[in-house]
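In what follows, a structure is listed as structure tokens, so that the remarks can point back to it.
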Amino acid sequence: MDRYQIKQQLIDFTIIGVQEFLSQNPNLEFYAFAYDCNAEYAEINLCFNTIKNL
């Protein structure tokens, strides 16, 4: 897999993740998201910060 494919996968993953979060939580607003990366398992997760969680 080349660098372009990895970037595209990350962008696609992010778009889908944000869409899923918004559809599952229509009454929540998030003000930031971050990538939670686990290099040992080659895993990336999205984390969303909401005012409700403060």
Side-chain angles (χ1 to χ4, degrees):
M1 191 177 302
D2 69 13
R3 190 178 218 164
Y4 174 79
Q5 289 173 318
I6 293 170
K7 284 183 187 179
Q8 193 59 51
Q9 273 190 331
L10 186 59
I11 290 169
D12 294 343
F13 169 76
T14 304
I15 291 169
I16 291 168
V18 170
Q19 288 173 336
E20 286 179 5
F21 176 84
L22 293 174
S23 70
Q24 293 173 11
N25 303 283
N27 296 321
L28 284 179
E29 293 182 27
F30 70 92
Y31 61 89
F33 76 87
Y35 297 108
D36 177 18
C37 303
N38 183 335
E40 186 175 344
Y41 296 105
E43 181 179 82
I44 299 175
N45 296 298
L46 285 178
C47 299
F48 295 90
N49 286 349
T50 65
I51 296 205
K52 182 176 179 177
N53 291 335
L54 289 178

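In what follows, residues are counted from 1 in the order of the sequence shown.
- Taken to the nearest 0.5 Å, the CD1 atom of Ile15 stands 10.0 Å off from the CG atom of Leu10.
- Here the closest non-hydrogen pair linking Leu46 and Phe13 is CG-CE2, 3.7 Å.
- Nearest heavy atom pair, residue Phe33 against residue Thr14, reads CZ-CG2, 3.7 Å.
- To the nearest 0.5 Å, the span separating CD1 on Ile11 from CD on Gln8 amounts to 5.0 Å.
- Pairing each heavy atom of Asn45 with each of Glu43, the nearest pair is ND2-OE1, 3.4 Å.
- Taken together through direct or relayed side-chain contacts under 4.5 Å among Ile, Leu, Val, Met, Phe, Trp and Tyr, Phe21 and Ile16 form parts of separate hydrophobic clusters.
- How far CD of Glu20 is from CG of Asn25: 11.0 Å, rounded to the nearest 0.5 Å.
- In plain terms, the two heavy atoms of Cys37 and Ile44 that are nearest each other are SG-CG1, 4.2 Å.
- Note on ring orientation: taking the six-membered ring where Trp is involved, the planes of Phe30 and Phe48 are perpendicular (angle over 60°, cut-offs 30° and 60°).
- A donor-acceptor pair under 3.5 Å links the side-chain atoms of Gln5 to the main chain of Asp2, judged by distance alone.
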